[in-house]
Amino acid sequence: MKYGHFDNAKREYVIDRVDLPVSWTNYIGVEDMCAVMNHTAGGYVFYKSPQYHRITRFRPNGVPMDGPGHYVYISDAEDGDYWSVSWQPVGKPLDEARYTCRHGLSYSVYECDYKGISASQRLLVPLGDAVELWDVRVKNNSDRTRSLDVFSYCEFSFHHIDMDNQNFQMSLYASGSSYAEGVIEYDLFYEEFGYQYFTANFEPDGYDCVRDRFIGNYHTEANPAAVEKRSCSSSTEKGGNHCAALQKKLTLAPGEEARLIFLLGEGRRADGQRMREKYADPAAVDAAADALAAYWNAKLTKLQIATPNENMNTMLNTWNLYQAEINVMFSRFASFIEVGGRTGLGYRDTAQDAMCVPHSNPKKCRERIEQLLHGLVSKGYGLHLFDPAWFEPETEEKPFASPTVVPVPDAASRIHGLKDTCSDDALWLIPSIMEYVRETGDEAFLNRVIGYADGGEGTVYEHMKRILDFSAEQIGAHGVCKGLRADWNDCLNLGGGESALVSFLHVWALEHFLEAARCMDAADDIEKYEAMYGRVKHVCETELWDGDWFIRGFTKSGRKIGTHTDQEGKIHLESNAWAVLSGAATYEQGIKALDSVDRYLYTPYGIMLNGPSYTVPDEEVGFVTRVYPGVKENGSIFSHPNPWVWAAECRLGRGDRAMKFYDALCPARQNDMIEIRESEPYSYCQFIMGRDHTAFGRARHPFMTGSGGWAYFSATRYILGIRPQLDELLIDPCIPAEWDGFTATREWRGAVYHIEVRNPDHVMKGVRSLQLDGALADYIPPCAAGTEHTVVVVMG
Ligand code: NOJ
């Protein structure tokens with residue numbers, strides 16, 4: 001069953017049926033202000049921090065589904081009927097009213113058609129301005145003049161997620177609203193920078209700032225009293241719950257259309273006046289929308305592809321990069337799942353996210369890498385969750401000390417010890433640094449000096465060495481890296497036990513680092529880290545092979561995890577993917593290991609994390625054994641590690657298999673099975689219920705997941721094989737044998753390469769010849785910025 005379709009020309013997903021089983025979300029805003037909105041305009045907007053500066057209120061995980069939101073109501077004077085431009089909150093029967101939602105890149109449009117009136121509400125946040133624009137059109141398609149009242153509505157929040165849910169004895173009496181000259185000003189009296197405004201490009205005919213006056217007692221957002229009686233009550237108050245309701249009376253002749261712009265912004269009334277003038281003319285709103293489209297276009301055109309796989313084209317050309325970028329922008333902490341309870345950066349997530357976008361967002365990629373380098377303790381491990389602001393000079397002048405100050409731990413308690421260290425966190429940073437350098441050619445970055453979290457400083461290159469040394473020291477009885485609090489898998493809590501995944505990651509990180517060492521001509525380091533590479537690889541070969549696959553590790557008491565004699569958790573995805581991807585496995589081991597993954601873990605919706613799921617708690621293995629079977633880390637199709645297997649299959653040269661696994665997880669391919677998938681088909685979800693769960697195939701937690709970045713990374717760099725190196729653009733595809741080839745346009749270091757890959761012999765891997773601008777070439781060097789080139793790759 002499907003609910004919508006991809007409009008690739010407009011880069012939009014169109015929801016044709018809005019009665020979805022769950023919210024399908026979008027991210028409106030790419031800078032400091034961002035709204036997370038669903039298909040019925042439910043959601044919230046925040047400024048800089050979803051935890052500490054939530055502007056509009058959201059009642060997460062509630063009934064009715066995902067509200068309130070940023071709503072527009074229309075009321076008809078003819079018969080007193082009213083409806084909302086987005087299907088909810090009024091929820092008119094869908095056989096009487098036609099509703100659609102179009103999610104585009106950083107904007108959403110809600111459309112309705114009811115009783116001869118068509119209306120739309122477009123939400124966007126312009127580049128450079130902290131204001132959400134509600135661009136509303138109302139058109140009379142009937143043959144008689146219509147008198148309509150249009151109302152905006154959103155509910156203000158007490159900013160701090162905690163204050164919004166507790167301690168009402170304080171917050172309820174510290175928030176106030178006022179109205180003057182067409183602008184509502186909301187103010188959280190006890191807080192620095194506590195002001196927001198709501199205004200419009202017209203003179204309102206009415207307003208309400210007090211929520212309960214607009215909604216009315218014993219009413220809800222579905223039937224606000226003010227809309228029912230078509231009249232606001234000019235309410236404002238010091239104290240209480242507040243909203244932004246502006247009313248406009250319209251008289252529309254047949255065929256006539258009105259366009260109204262509402263503005264919800266950060267700042268005081270004067271800021272509102274300024275923005276009101278700036279966006280008074282709808283042409284300014286259109287220009288802001290064009291600028292946003294150009295912003296995304298500049299990113300997306302860095303790589304565009306045309307392959308025989310339409311779903312892959314849709315994902316890679318638009319949605320997959322969009323998701324990956326959003327993860328880097330907001331670092332995982334704003335969604336309907338992450339509703340603002342955390343601030344800052346998760347070390348491993350941020351490191352991996354940054355690795356996937358150096359071509360489309362080199363600035364943010366570098367900024368994230370620098371923040372993580374600053375969050376590295378001089379012993380070589382990363383602070384698992386930290387706020388980069390701890391290490392930045394205070395820039396904002398605070399007018400007074402608020403009673404709700406954001407808690408800042410003192411310097412000593414920021415640095416956690418080994419007990420709280422995750423063994424994989426900092427290892428991810430080394431490949432990210434190298435991907436940034438390969439993309440940009442900015443080798444000088446390796447010499448940049450950056451402070452350690454606990455004091456002292458070192459170059460980026462020195463930071464990398466400390467990370468590798470830490471993993472070399474933190475080994476257990478078998479010489480394999482210790483699992484510590486957890487490795488990539490939050491729920492595998494091995495303590496002094498050992499993690500195969502981390503040793504494989506160590507091999508991978510060493511391979512990346514050695515390229516840096518060679519590039520710096522650091523003879524001593526080359527010798528030292530080549531020896532380390534050899535040692536770790538040897539341990540992997542001798543300790544971790546199980547006969548048909550690689551084990552996942554050892555418990556503290558020395559028991560193997562994920563071995564053939566296990567009844568539960570017999571085989572795990574992560575260690576097998578990384579054994580191959582890191583290059584630690586031999587070719588024969590790799591083939592056997594990934595065949596076992598296919599045999600035991602593959603499903604039509606992707607690859608499960610482990611199988612069979614655990615049902616018996618085992619404290620030595622960790623919390624994973626207490627998670628319900630088939631859910632999250634216990635035997636679900638955890639999306640993030642799936643692309644590791646695609647890349648691993650490509651390392652083995654099996655393009656058919658890589659594509660089989662790619663297709664299984666591909667959200668766009670599941671567009672027609674929403675009765676099973678439920679979640680949006682334009683974003684990878686954190687996990688899909690596994691075989692051992694009754695809801696097998698149901699996807700959960702969209703957008704904020706490492707699979708966004710990794711799916712893009714593995715598909716573009718390994719399946720399509722377009723991989724920048726320090727001094728060449730490598731093209732080494734691993735594709736299904738049936739493909740005749742594909743084309744791609746890739747911008748690298750300012751030059752544009754029009755790439756045609758031909759596959760006349762229908763192989764899966766191997767390049768027979770390469771041409772650059774019509775001449776045979778051994779490799780593609782970085783060409784001058786601003787130039788364009790043709791590249792022909794013949795496989796065979
Ligand atoms: C989600 C966490 O954000 C991520 O860091 C972790 O790797 C996965 N869960 C798997 O446990």
Side-chain angles (χ1 to χ4, degrees), residues 1-8 10-29 34-45 58-71 84-89 91 94 98-112 120-124 311 314-315 318-320 322-324 326-327 330 334-339 605 639 665-689 695 697-705 707-708 711:
M1 185 191 292
K2 64 177 175 186
Y3 285 74
H5 64 275
F6 290 92
D7 182 341
N8 285 339
K10 289 190 180 153
R11 299 195 194 281
E12 286 179 349
Y13 187 87
V14 185
I15 299 166
D16 304 305
R17 266 191 70 174
V18 288
D19 56 338
L20 293 168
V22 292
S23 278
W24 289 10
T25 46
N26 194 17
Y27 287 77
I28 318 287
C34 178
V36 190
M37 303 302 293
N38 78 358
H39 60 290
T40 62
Y44 59 92
V45 62
F58 186 62
R59 286 180 267 280
N61 198 21
V63 176
M65 187 204 284
D66 298 327
H70 297 185
Y71 301 133
S84 42
V85 175
S86 47
W87 181 43
Q88 297 298 322
L94 290 175
R98 202 182 64 80
Y99 277 95
T100 58
C101 164
R102 291 189 280 129
H103 283 319
L105 305 186
S106 304
Y107 70 90
S108 289
V109 185
Y110 306 95
E111 295 165 324
C112 74
S120 67
Q121 175 191 7
R122 171 169 66 164
L123 297 181
L124 68 135
N311 291 322
T314 298
M315 290 309 297
T318 303
W319 295 97
N320 197 171
Y322 183 56
Q323 178 175 7
I326 285 169
N327 274 280
F330 302 113
S335 71
F336 283 8
I337 305 301
E338 298 288 358
V339 284
Y605 311 114
S639 301
L665 194 76
C666 184
R669 196 191 60 90
Q670 298 183 6
N671 190 45
D672 297 352
M673 1 171 162
I674 299 305
E675 74 282 10
I676 300 169
R677 179 183 170 84
E678 292 197 349
S679 295
E680 46 260 63
Y682 47 86
S683 134
Y684 286 91
C685 286
Q686 188 199 49
F687 72 99
I688 296 164
M689 303 287 195
R698 181 193 294 162
R700 281 292 181 266
H701 305 180
F703 270 106
M704 299 278 120
T705 145
S707 44

Checklist line | Test of ring centre spacing under 6.0 Å for Phe58 and Phe336 | finding: yes
Any chance you could measure [X], atom [atom1], to [Y], atom [atom2], to the nearest 0.5 Å?
X      : Y      : atom1 : atom2 : result
Ile326 : Ser683 : CD1   : OG    : 8.5 Å
Cys112 : Leu94  : SG    : CG    : 11.5 Å
Asp672 : Lys2   : CG    : NZ    : 5.0 Å
Thr318 : Asp7   : OG1   : CG    : 10.0 Å
Cys666 : Tyr605 : SG    : OH    : 14.5 Å

With heavy-atom distances below 4.5 Å as the criterion, would you say the side chains of [X] and [Y] are in contact?
X      : Y      : answer
Trp87  : Ile15  : no
Met704 : Tyr27  : yes
Val22  : Arg700 : yes
Tyr322 : Arg11  : no
Gln88  : Pro64  : no

Please give me the minimum heavy-atom distance between [X] and [Y], naming the atom from each residue.
X      : Y      : value
Ala695 : Met689 : O-CB, 3.3 Å
Asn26  : Ser108 : ND2-OG, 3.1 Å
Pro702 : Thr705 : C-CG2, 4.5 Å
Cys685 : Ser639 : O-OG, 2.6 Å
Tyr3   : Asp19  : CE2-O, 3.4 Å
Leu124 : Ile28  : CA-CG2, 3.5 Å

Give a yes or no answer on whether the side chain of [X] reaches the backbone of [Y] with a donor-acceptor pair at less than 3.5 Å.
X      : Y      : answer
Ser86  : Thr40  : yes
His103 : Tyr13  : no
Glu678 : Pro21  : no
Asn8   : Thr314 : no
Asn320 : Gly708 : yes
Glu680 : Thr25  : yes
Ser679 : Ala699 : yes
Asn671 : Gly4   : yes
Gln670 : Gly697 : no
Asn327 : Phe703 : yes

Check: What residues form a side chain to side chain donor-acceptor pair (under 3.5 Å) with Gln323, not counting sequence neighbours?
Finding: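 Gln323 satisfies side chain to side chain donor-acceptor pair (under 3.5 Å) with no other residue.
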Next item on the list: Begin from the C-alpha positions of Ser23 and His39 and carry the test side chain to side chain contact (heavy atoms under 4.5 Å, CB included) through to its verdict.
Entry: CA-CA 6 Å; Ser23 278; His39 60 290; 4.3 Å; yes
Notebook entry, point to check: Do the side-chain N and O atoms of Glu12 and Tyr107 include a donor-acceptor pair separated by under 3.5 angstrom?
Noted result: yes
Notebook entry, point to check: Are Tyr684 and Met315 close enough, and set up right, to give a side chain to side chain contact (heavy atoms under 4.5 Å, CB included), and what steps lead you there?
Noted result: CA-CA 10 Å; Tyr684 286 91; Met315 290 309 297; 3.9 Å; yes
Notebook entry, point to check: Parallel, tilted or perpendicular for Tyr682 and Trp319, by the 30°/60° rule?
Noted result: tilted
Item checked: Parallel, tilted or perpendicular: rings of His701 and Phe687 (30°, 60°) -> perpendicular
Check: In this structure, which one of His70, Met37, Arg122, Arg102 forms a side-chain contact (heavy atoms from CB on, under 4.5 Å) with Tyr110?
Finding: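 So, applying the side-chain contact (heavy atoms from CB on, under 4.5 Å) to Tyr110 and each of His70, Met37, Arg122, Arg102, only Met37 qualifies.
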Next item on the list: Could you tell me which residues satisfy salt bridge (Lys or Arg N to Asp or Glu O under 4.0 Å) with Arg98, sequence neighbours excluded, listed by chain and number?
Entry: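 For Arg98 there are no salt bridge (Lys or Arg N to Asp or Glu O under 4.0 Å) partners, ignoring immediate neighbours.
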